Enquirer: 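Just dropping this structure here.
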Amino acid sequence: MNRPDALNALDVPHAEALRDRLVELSADEAARVVILTGAGDKAFAAGADIKYMSSLGVLEARRWGELGQGCANLLEVMPKPTIAVINGFALGGGCELALACDMRLASTRALLGQPEINLGVIPGWGGTQRLARVTSIGFAKELVLTGRTVDAAEAFRRGLVNAVHEPGDVMPKALELGHSLAEKSPLATAYAKEALNVVAMGEQHAHLETEERLFAMLFASEDQKEGMAAFVEKREPRFTGR
Ligand code: DAK
């Protein structure tokens, strides 16, 4: 993800570019492992672009959700391992894309969380489902309802990331892991991933639709407009429940 001026926040062009690249990599037999990271040294991705989202209506939000969920789905189901290298902020949609990868390696400087509640919305790119599955329902509720961010050490304790490395070591470690995964049988790897996905996902497809529908409905609320306007105007939001 390459938009360092906005901490790699994803707007439509960047999300479409990511989706198109993931489609290519998924089909490319020469690509045995996919590593997703953020440009620069501050962020994996600070989420979906709040400035873009602030003026969306319900139907546009639904389409926007499909694009983000499409990227997450590709990372989760492509027939080769996907690794997130979390080199800084992984918030909102950024955390959700990391959660859709098969493994997550974090730098000691990483900060992860689902702060959408502070904007008057909820995670909508699979975060409610995958965070609960990767960690626990109790921890997922805590992060989604409070919007608090966690550092790499806490993320590791909770199982949210597989390993933590010094900032300069995290990409070399991911490449080392990637090379070792690439030495396995591609067929066995793809089948192992598919089998594990079946166990872990259950009714995930239906659950993701619920999440997407609830996310989009919030775009009919005043609280969503207020929450996102407050971010853009760099002030605290005043929520009214309408
Ligand atoms: N969107 C747009 N711009 C962002 C951004 C974001 N998410 N995050 C950061 N930026 C921009 C900032 O506005 C700033 O731009 P300028 O003001 O310089 O023009 C620049 O990046 C640098 O950020 P800061 O100046 O704020 O840097 P700090 O180090 O002070 O703070 C921060 C870093 C990461 C704590 C802060 O930037 C922050 O709180 N960012 C927002 C994090 C956040 O709330 N993320 C969640 C976004 S909501 C959907 C489902 C799901 C989603 C979308 C659709 N559907 C089903 C339809 C996903 C939603 C989200 O991800």
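First listed ligand is number 1; within each ligand, the first listed atom is number 1. All values reported here derive from a predicted model rather than from experimental measurement.
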Enquirer: Relative to atom 43 (C) of ligand 1, which among G47, G93, G68, P115 owns the nearest non-hydrogen atom?
Expert: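 Looking at heavy atoms only, P115 sits closest to atom 43 (C) of ligand 1.
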
Enquirer: Is the side chain of N8 donor-acceptor paired with the backbone N or O of A39 at a distance under 3.5 Å, no angle test?
Expert: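 Yes.
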
Enquirer: Keeping the roles fixed (side chain from R32, backbone from K184), state whether a donor-acceptor pair exists under 3.5 Å.
Expert: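 Yes.
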
Enquirer: Which ligand 1 atoms does G124 reach within 4.0 Å, using its non-hydrogen atoms?
Expert: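 Listed by number with element: 50 (C), 51 (C), 56 (C).
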
Enquirer: So if I count the atoms of ligand 1 from 1 in the order they appear, which ones are less than 4.0 Å from some heavy atom of A61?
Expert: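 Answer for ligand 1: 55 (N), 57 (C).
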
Enquirer: Taking the side chain from E211 and the backbone from G127, do they hold a donor-acceptor pair closer than 3.5 Å?
Expert: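 Yes; at least one donor-acceptor contact below 3.5 Å.
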
Enquirer: Near W64, which atoms of ligand 1 are under 4.0 Å from a heavy atom of that residue?
Expert: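 Ligand 1 atoms under the 4.0 Å threshold to W64: 53 (C), 54 (C), 57 (C).
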
Enquirer: Check each heavy atom of M53 against ligand 1 and say whether those closer than 4.0 Å belong to the side chain, the backbone, both or neither.
Expert: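 Under 4.0 Å from ligand 1, M53 contributes side-chain atoms alone.
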
Enquirer: I need the atoms of ligand 1 closer than 4.0 Å to a non-hydrogen atom of D5, numbered in the order shown.
Expert: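 Here the atoms of ligand 1 in question are 20 (C), 21 (O).
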
Enquirer: Measuring to protein heavy atoms, does anything land under 4.0 Å from atom 37 (O) of ligand 1?
Expert: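 Yes, at least one protein heavy atom sits under 4.0 Å from atom 37 (O) of ligand 1.
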
Enquirer: Any chance you could measure E66, atom CD, to E209, atom CD, to the nearest 0.5 Å?
Expert: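 Rounded to the nearest 0.5 Å, the CD-CD separation comes to 9.0 Å.
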
Enquirer: Below 4.0 angstrom from a heavy atom of A9, which ligand 1 atoms are there? Numbered from 1 as shown, please.
Expert: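 Within the 4.0 Å cut-off of A9, ligand 1 contributes 1 (N), 2 (C), 5 (C), 6 (C), 7 (N).
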
Enquirer: Is there a protein heavy atom at a distance of less than 4.0 Å from atom 25 (O) of ligand 1?
Expert: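 No, there is none.
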
Enquirer: Measure the distance from atom 33 (C) of ligand 1 to every protein heavy atom, then report the residue, atom name and distance (to 0.1 Å) of the closest one.
Expert: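 Ranked first by proximity to atom 33 (C) of ligand 1 is L7 CD1, 3.5 Å.
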
Enquirer: Given S54, G65, A46, which has its nearest heavy atom closest to atom 42 (C) of ligand 1?
Expert: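 Looking at heavy atoms only, A46 sits closest to atom 42 (C) of ligand 1.
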
Enquirer: Looking at atom 1 (N) of ligand 1, is any protein heavy atom nearer than 4.0 Å to it?
Expert: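 Answer yes: something from the protein, a heavy atom, is under 4.0 Å.
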
Enquirer: Within the distance-only criterion (no hydrogens, no angle test), does the side chain of R130 pair as donor or acceptor with the backbone N or O of A100 below 3.5 angstrom?
Expert: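 Between the backbone of A100 and the side chain of R130 there is no qualifying donor-acceptor contact (under 3.5 Å).
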
Enquirer: Of the backbone atoms (N, CA, C, O) and the side-chain heavy atoms from C-beta on, which set of W125 has a member under 4.0 Å from an atom of ligand 1: side chain, backbone, both, or neither?
Expert: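 Answer for W125: both.
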
Enquirer: Indicate if I83 and V134 have the same hydrophobic cluster label, given that clusters are the connected sets of ILVMFWY residues with side-chain heavy-atom separations under 4.5 angstrom.
Expert: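 No; tracing contacts between hydrophobic side chains, which count when under 4.5 Å, never links both residues.
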
Enquirer: Checking contacts now, so for atom 28 (P) of ligand 1, which I'm interested in, is there any protein heavy atom under 4.0 Å?
Expert: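 Under 4.0 Å from atom 28 (P) of ligand 1, zero protein heavy atoms found.
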
Enquirer: Would I50 count as a polar contact of ligand 1, with the cut-off being nitrogen or oxygen pairs under 3.5 Å?
Expert: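 Indeed, backbone or side chain, I50 has an N or O that close.
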
Enquirer: Looking only at distances, can you tell me whether any N or O atom of E212, backbone or side chain, sits closer than 3.5 Å to an N or O atom of ligand 1?
Expert: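 In fact, backbone or side chain, E212 has no N or O that close.
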
Enquirer: Report the nearest protein non-hydrogen atom to atom 59 (C) of ligand 1: residue, atom name, distance rounded to 0.1 Å.
Expert: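 Among all protein heavy atoms, the one nearest atom 59 (C) of ligand 1 is A48 CB, 3.6 Å.
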
Enquirer: To the nearest 0.1 Å, how far is atom 34 (C) of ligand 1 from its closest protein heavy atom, and which atom is that?
Expert: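 So the nearest neighbour among protein heavy atoms is L91 CD1, 3.6 Å.
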
Enquirer: Could you tell me whether atom 7 (N) of ligand 1 has a protein heavy atom closer than 4.0 Å?
Expert: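 Protein heavy atom within 4.0 Å of atom 7 (N) of ligand 1: present.
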
Enquirer: Do ligand 1 and F231 have nitrogen or oxygen atoms that lie under 3.5 Å from each other?
Expert: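 Min N/O separation from ligand 1 is not below 3.5 Å for F231.
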
Enquirer: If every non-hydrogen atom of D223 is compared with every non-hydrogen atom of F239, which pair is closest and at what distance?
Expert: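 Closest heavy-atom pair between D223 and F239: O-CE2, 3.3 Å.
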
Enquirer: For L119, counting its heavy atoms only, list the atoms of ligand 1 lying under 4.0 Å from any of them.
Expert: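 Near L119, the atoms of ligand 1 are 44 (O), 47 (C), 48 (S).
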
Enquirer: Quick test: of every protein heavy atom, which one is nearest to atom 11 (C) of ligand 1, and how far off is it to 0.1 Å?
Expert: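 Answer, as residue, atom name and distance: A6 CA, 3.9 Å.
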
Enquirer: Can you tell me if K51 uses its side chain to pair, donor with acceptor, with the backbone of D11 under 3.5 Å?
Expert: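 No, the answer is negative, given that no donor and acceptor are paired below the 3.5 Å cut-off.
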
Enquirer: Just jot down the ligand 1 atoms closer than 4.0 angstrom to any heavy atom of G92, in number order.
Expert: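 The atoms of ligand 1 under 4.0 Å from a heavy atom of G92 are 46 (C), 61 (O).
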
Enquirer: Under 3.5 Å, is there a donor-acceptor pair between the side chain of Q69 and the main chain of G124?
Expert: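 Checking the backbone N and O of G124 against the side chain of Q69, a donor-acceptor pair under 3.5 Å is found.
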
Enquirer: For the side chain of K80 and the backbone of L25, is there at least one donor-acceptor N/O pair under 3.5 Å apart?
Expert: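 Present.
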
Enquirer: Using the side-chain hydrogen bond (donor to acceptor under 3.5 Å, both in side chains) criterion, which residues pair with H165? Sequence neighbours excluded.
Expert: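 Residues passing side-chain hydrogen bond (donor to acceptor under 3.5 Å, both in side chains) with H165: none at all.
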
Enquirer: Find out whether L131 and P123 are in side-chain contact, i.e. whether some heavy atom of one side chain is under 4.5 Å from a heavy atom of the other.
Expert: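 They are not in contact (no side-chain heavy atoms under 4.5 Å apart), so the answer is no.
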
Enquirer: Going from CG on L119 to CD on Q224, what distance comes out if it is rounded to the nearest 0.5 angstrom?
Expert: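 Here the interatomic distance stands at 9.0 Å.
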
Enquirer: If hydrophobic clusters are built by linking Ile, Leu, Val, Met, Phe, Trp and Tyr wherever their side-chain heavy atoms come under 4.5 Å apart, do W125 and L214 end up in the same one?
Expert: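 In one cluster with W125: L214, yes.
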
Enquirer: I'd like to check whether R62 has a polar contact with ligand 1, where a contact means an N/O of the residue lying under 3.5 Å from an N/O of the ligand.
Expert: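 No, R62 has no N/O under 3.5 Å of an N/O on ligand 1.
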
Enquirer: Quick one: look up the protein heavy atom nearest atom 13 (O) of ligand 1 and list residue, atom name and how far away it is.
Expert: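 Atom 13 (O) of ligand 1 sits closest to the protein heavy atom K51 NZ, 3.1 Å.
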
Enquirer: To the closest 0.5 Å, what do you measure between OG (S107) and CE (M171)?
Expert: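 If I round to the nearest 0.5 Å, the distance is 11.0 Å.
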
Enquirer: So if I count the atoms of ligand 1 from 1 in the order they appear, which ones are less than 4.0 Å from some heavy atom of K234?
Expert: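 In order of number, 17 (O).
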
